[in-house]
Amino acid sequence: RYISVTGVQTCALPIFNPPSLYAAFGNKAALYEEVLARYHCAAAPMRDLLAPGHDPAEALSTLLRKAAAIYAADPHALGCLVLEGARGVDPDANCRARAVLDVSCTRMRDFVAITHPDKAQVVSDYMAAIMSGMSADARAGKTAAQILAVADMAGLAIRAMLGER
């Protein structure tokens with residue numbers, strides 16, 4: 001049996017038969033949602049980095065560097081589950097991944113708005129675009145060093161936009 005995990009790849013689950021899978025999670029959609037929630041909490045250190053009182057330019061630059069490392073860390077699971085799922089073709093899986101992505105974008109926007117309300121939306125949009133590109137680059141086989149270089153360049157752009165403190 002196969003279930004869509006990212007909207008792009010499928011993975012075999014030989015140890016589960018449908019009755020035990022549905023007993024544990026209700027349905028495939030609930031399983032995917034649980035996987036997204038766990039991944040989101042474990043993979044993205046946003047809560048710690050985007051805490052009130054942290055310098056936005058520094059925090060977002062650090063977030064980009066950590067994301068670059070995560071995206072390229074596992075040669076069998078390159079990229080970001082949430083971002084890749086949001087690009088997927090399964091409408092339900094896409095919607096669930098986009099909801100998680102929207103929460104992250106809102107968190108970034110709200111964090112920047114504390115000190116730079118007029119720039120919060122564009123910075124959040126920029127961060128989402130850069131992170132999406134880094135995830136796609138990881139999936140395409142770019143090295144960790146290449147993805148980290150992109151993160152560093154994006155960090156410079158964010159610092160320029162928000163101004164050094």
Side-chain angles (χ1 to χ4, degrees), residues 4-9 29 32-75 77-165:
S4 177
V5 173
T6 65
V8 177
Q9 294 180 314
Y32 182 65
E33 198 163 293
E34 176 71 18
V35 168
L36 284 171
R38 285 180 185 231
Y39 176 87
H40 180 68
C41 289
M46 281 191 181
R47 183 171 296 148
D48 295 334
L49 290 173
L50 306 185
H54 289 173
D55 174 59
E58 184 62 34
L60 294 174
S61 295
T62 301
L63 177 61
L64 287 169
R65 289 183 61 81
K66 288 183 180 279
I70 290 167
Y71 296 168
D74 183 350
L78 294 169
C80 171
L81 177 68
V82 174
L83 291 169
E84 298 304 321
R87 285 192 258 271
V89 296
D90 180 280
D92 184 55
N94 179 285
C95 181
R96 291 170 193 276
R98 290 218 55 83
V100 173
L101 181 57
D102 289 346
V103 167
S104 295
C105 290
T106 298
R107 183 175 286 155
M108 285 187 285
R109 185 196 67 221
D110 292 350
F111 172 70
V112 174
I114 294 168
T115 55
H116 299 83
D118 57 324
K119 297 177 181 174
Q121 188 62 55
V122 71
V123 169
S124 174
D125 292 344
Y126 179 73
M127 285 289 294
I130 294 299
M131 292 176 84
S132 181
M134 291 189 322
S135 177
D137 283 352
R139 301 260 320 150
K142 292 224 174 150
T143 67
Q146 289 173 302
I147 298 167
L148 186 58
V150 169
D152 288 341
M153 175 130 343
L156 292 173
I158 290 168
R159 283 184 175 89
M161 177 168 235
L162 297 180
E164 296 283 345
R165 274 200 200 186

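This one's a predicted model, so the numbers in the text were calculated from it and none came from an experiment.
Rounding to the nearest 0.5 angstrom, the gap separating the OG1 atom in Thr62 from the CG atom in Asp48 is 12.0 Å. Here Asp110 contributes atom CG and Leu50 contributes atom CG; the two are 10.0 Å apart, rounded to the nearest 0.5 Å. Note that CZ of Arg139 is 15.5 Å distant from CE of Met134, once rounded to the nearest 0.5 Å. Rounding to the nearest 0.5 angstrom, the gap separating the OG atom in Ser104 from the CZ atom in Arg107 is 6.5 Å. Here the straight-line distance linking atom CG of Asp125 with atom CD of Gln121 works out to 4.5 Å at 0.5 Å rounding.
Under the side-chain contact (heavy atoms from CB on, under 4.5 Å) rule, Met108 has a single partner from Leu49, Val103, Leu63, which is Leu63.
Formation of a donor-acceptor pair under 3.5 Å by the His54 side chain with backbone atoms of Ala59 is not found in this model. Formation of a donor-acceptor pair under 3.5 Å by the Ser124 side chain with backbone atoms of Cys105 is found in this model. Checked by atom type and distance alone, the side chain of Ser135 never pairs as donor or acceptor with a backbone atom of Met131 at under 3.5 Å. Looking only at distances, no side-chain donor or acceptor of Ser132 sits under 3.5 Å from a matching main-chain atom of Ala128.
Contacts of Asp92 classified as side-chain contact (heavy atoms from CB on, under 4.5 Å), with partners at least two apart in sequence or in another chain: Ala29, Asp90, Arg96.
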Donor-acceptor pairs under 3.5 angstrom involving side-chain atoms of residues 142-157: please list them, not counting sequence neighbours.
residue, atom, partner, partner atom, Å
Thr143, OG1, Gln146, N, 3.1
Thr143, OG1, Gln146, OE1, 3.3
Gln146, OE1, Thr143, N, 2.8
Asp152, OD1, Arg65, NH1, 2.4
Asp152, OD2, Arg65, NH1, 2.9

- prompt: Where do Met127 and Leu60 land on the side-chain contact (heavy atoms from CB on, under 4.5 Å) test, with the steps shown first?
  reply: CA-CA 8 Å; Met127 285 289 294; Leu60 294 174; 3.8 Å; yes

Is there a side-chain contact (heavy atoms from CB on, under 4.5 Å) between Leu64 and Ile158 once you walk through the steps?
CA-CA 11 Å; Leu64 287 169; Ile158 290 168; 3.8 Å; yes

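Heavy-atom minimum distance, Lys119 versus Met161: NZ-O, 2.8 Å.
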